[in-house]
Amino acid sequence: MATDVEVVSGADEPGWEVDPDDEWGLAIIATVGRQLRLRREAVGMRVPDFGGAVGYGDDMVYKIEAGKRIPRQEYLDKADQVLGAGGLISATWEDVKKVRYPKKVRDLAQMEAKAVEIQLYDPLNIHGLLQTPEYARGLLLMRRPTYTEDEVERFIAARVARKAVFERDPRPELSFVLEEWTLRRPLGGKATLHRQLEHLLEIGRLRNVELQVMPMSCEQHAGLAGGIEVLKFEDGSAVGRSPALTNGRPVSEPKQLRILELRYGTIRAQALTPRESAAFVEQLLGET
């Protein structure tokens, strides 16, 4: 079958691997894949012909139809047009997009979406909610053993999606404490760091956000045991986690939460104020 569509093949094919531990995600992707195969067979198209028409290699088509690959929206839209599905295949994106990110990321995003107050301290990196896509890519590429390009793109997309927390109505109160050294290390290059610092200043101007920097010159530091994350909800409940407490598993018991809040409160008191922190980031920006 002749086609003018450029076929994408091999490792560069758009799509995401299915998380084998995500039962709900596996079920949805398997169902969508089965629908695609049945519709393709119903119109009498072979895989090579269909792949050529939508611009994807045979291997990708087989993987998606077998429920082993999560299709992207453009794939479903092209399939809908080629198979004359009248929008029914395109409509499956509403289900697919709910499982396109790893389960642990979805679970975290769901908690963040319900929280009225979020307190975050990461001693190793600029927190994911604050990262630009370019900075996130630079950070993910540092990982050893290396992520595949597919995994890198999926994690970046997940981090971008989590930023919806900044746009919610009503907006939660967000508090971040950043380590100075994470603001100086040019992961991804100086241009990437420059844009990341500009982004921090933009986020810091939001009324519901407080950014604080822990300077390397500080002689006292209550966060040496590891990162801290505390999410508080409208009903008065809360959940927190830290590698220094229950090996990073989420906790909701009052005693353990009190320890996390005590440590976070002390870290905030030791860090620069939000105004001082903004001035400090501006100074770093001028040096970058």
Side-chain angles (χ1 to χ4, degrees), residues 1 3-43 45 47-110 112-113 128-129 131-134 136-137 140 147-168:
M1 183 177 187
T3 178
D4 295 327
V5 179
E6 180 181 357
V7 177
V8 182
S9 61
D12 294 331
E13 290 181 318
W16 295 290
E17 296 289 346
V18 182
D19 185 346
D21 297 323
D22 186 359
E23 294 183 3
W24 182 51
L26 287 170
I28 288 178
I29 300 308
T31 299
V32 171
R34 189 180 306 113
Q35 291 178 9
L36 285 163
R37 178 176 60 80
L38 291 174
R39 284 189 174 275
R40 176 181 58 76
E41 293 175 346
V43 300
M45 289 190 78
V47 167
D49 296 335
F50 175 74
V54 298
Y56 291 86
D58 296 2
D59 186 56
M60 171 62 79
V61 174
Y62 281 121
K63 285 181 178 179
I64 289 178
E65 291 186 353
K68 296 180 179 179
R69 193 83 165 180
I70 302 174
R72 297 193 178 187
Q73 186 173 16
E74 59 265 27
Y75 181 96
L76 296 173
D77 289 341
K78 289 180 180 179
D80 192 279
Q81 294 173 5
V82 170
L83 300 176
L88 293 178
I89 292 178
S90 291
T92 62
W93 175 247
E94 291 301 312
D95 293 320
V96 172
K97 71 180 182 181
K98 297 174 183 176
V99 298
R100 58 184 162 163
Y101 307 130
K103 184 177 183 298
K104 62 181 181 181
V105 176
R106 296 202 312 269
D107 292 343
L108 179 57
Q110 289 173 1
E112 289 172 347
L129 285 177
Q131 294 172 10
T132 64
E134 297 79 14
R137 170 179 286 278
L140 291 166
Y147 287 125
T148 64
E149 186 62 26
D150 178 86
E151 290 173 321
V152 170
E153 293 301 325
R154 195 179 183 199
F155 282 126
I156 291 174
R159 292 186 184 189
V160 171
R162 282 177 61 199
K163 293 186 179 183
V165 71
F166 291 108
E167 302 167 358
R168 273 176 38 203

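Here the structure is a predicted model, which means the values were calculated and not measured. Note: hydrogens, waters and symmetry copies are ignored here, and every other heavy atom, side chains too, is used.
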With sequence neighbours excluded, tell me which residues meet side-chain contact (heavy atoms from CB on, under 4.5 Å) with Y62.
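Expected list: V47, D58.
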
Does Q81 have any side-chain contact (heavy atoms from CB on, under 4.5 Å) partners at least two apart in sequence or in another chain, and if so, which?
none

What distance separates T92 OG1 from L76 CG, expressed to the nearest 0.5 Å?
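T92 atom OG1 to L76 atom CG measures 4.0 Å (nearest 0.5 Å).
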
Enter the distance from I29:CD1 to I70:CD1 here, rounded to the nearest 0.5 Å.
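I29 CD1 to I70 CD1: 5.0 Å, rounded to 0.5 Å.
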
Using the side-chain hydrogen bond (donor to acceptor under 3.5 Å, both in side chains) criterion, which residues pair with [X]? Sequence neighbours excluded.
| X | answer |
| --- | --- |
| T31 | none |
| D95 | none |
| E41 | R37 |

If you define the side chain from C-beta out and look only at heavy atoms, does anything of [X] sit under 4.5 Å from [Y]?
| X | Y | result |
| --- | --- | --- |
| L83 | F50 | yes |
| R40 | V82 | no |
| V152 | T148 | no |
| I64 | V32 | no |

If we ignore hydrogens and angles and just use 3.5 Å, is the side chain of D80 paired with the main-chain N or O of S90 as donor and acceptor?
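Present.
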
Would you say the side-chain atoms of R159 pair up with the backbone N or O of Q131, donor to acceptor, closer than 3.5 Å?
no

Those residues at least two apart in sequence (or on a different chain) that pass salt bridge (charged side-chain N to carboxylate O under 4.0 Å, His left out) with E134 are none

Tell me every residue that passes salt bridge (charged side-chain N to carboxylate O under 4.0 Å, His left out) with R39, counting only those two or more places apart in sequence or in another chain.
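Residues passing salt bridge (charged side-chain N to carboxylate O under 4.0 Å, His left out) with R39: none at all.
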
Would you name the heavy atoms of P133 and V160 that are closest together and state the gap between them?
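Of all heavy-atom pairs spanning P133 and V160, the closest is CG-CG2, 3.9 Å.
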
Restricting to non-hydrogen atoms, name the atom on I156 and the atom on A136 that form the minimum distance, rounded to 0.1 Å.
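Taking I156 first and A136 second, the nearest heavy atoms are CG1-CB, 4.3 Å.
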
side-chain contact (heavy atoms from CB on, under 4.5 Å) between V61 and Y75, worked out
CA-CA 10 Å; V61 174; Y75 181 96; 3.7 Å; yes

Thinking salt bridges, do D150 and R154 make one under a 4.0 Å N-O criterion?
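A salt bridge is absent here (no side-chain N lies under 4.0 Å from a carboxylate O).
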
Is it true that E112 and R162 have a side-chain N and a carboxylate O under 4.0 angstrom from each other?
yes

Stepwise side-chain contact (heavy atoms from CB on, under 4.5 Å) check, E74 with Y56
CA-CA 11 Å; E74 59 265 27; Y56 291 86; 3.4 Å; yes

Pairs flagged by salt bridge (charged side-chain N to carboxylate O under 4.0 Å, His left out) wherever residues 84-94 is involved - sequence neighbours left out
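The answer is E94-K97.
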
With under 30° as parallel and over 60° as perpendicular, where do the rings of F155 and Y147 fit, or are they tilted in between?
tilted

Could you walk me through whether M60 and R69 pass the side-chain contact (heavy atoms from CB on, under 4.5 Å) check?
CA-CA 8 Å; M60 171 62 79; R69 193 83 165 180; 3.6 Å; yes

Taking ring-ring contact (aromatic ring centres under 6.0 Å, His included) as the test, write out the residues that go with F166, two or more places apart.
none

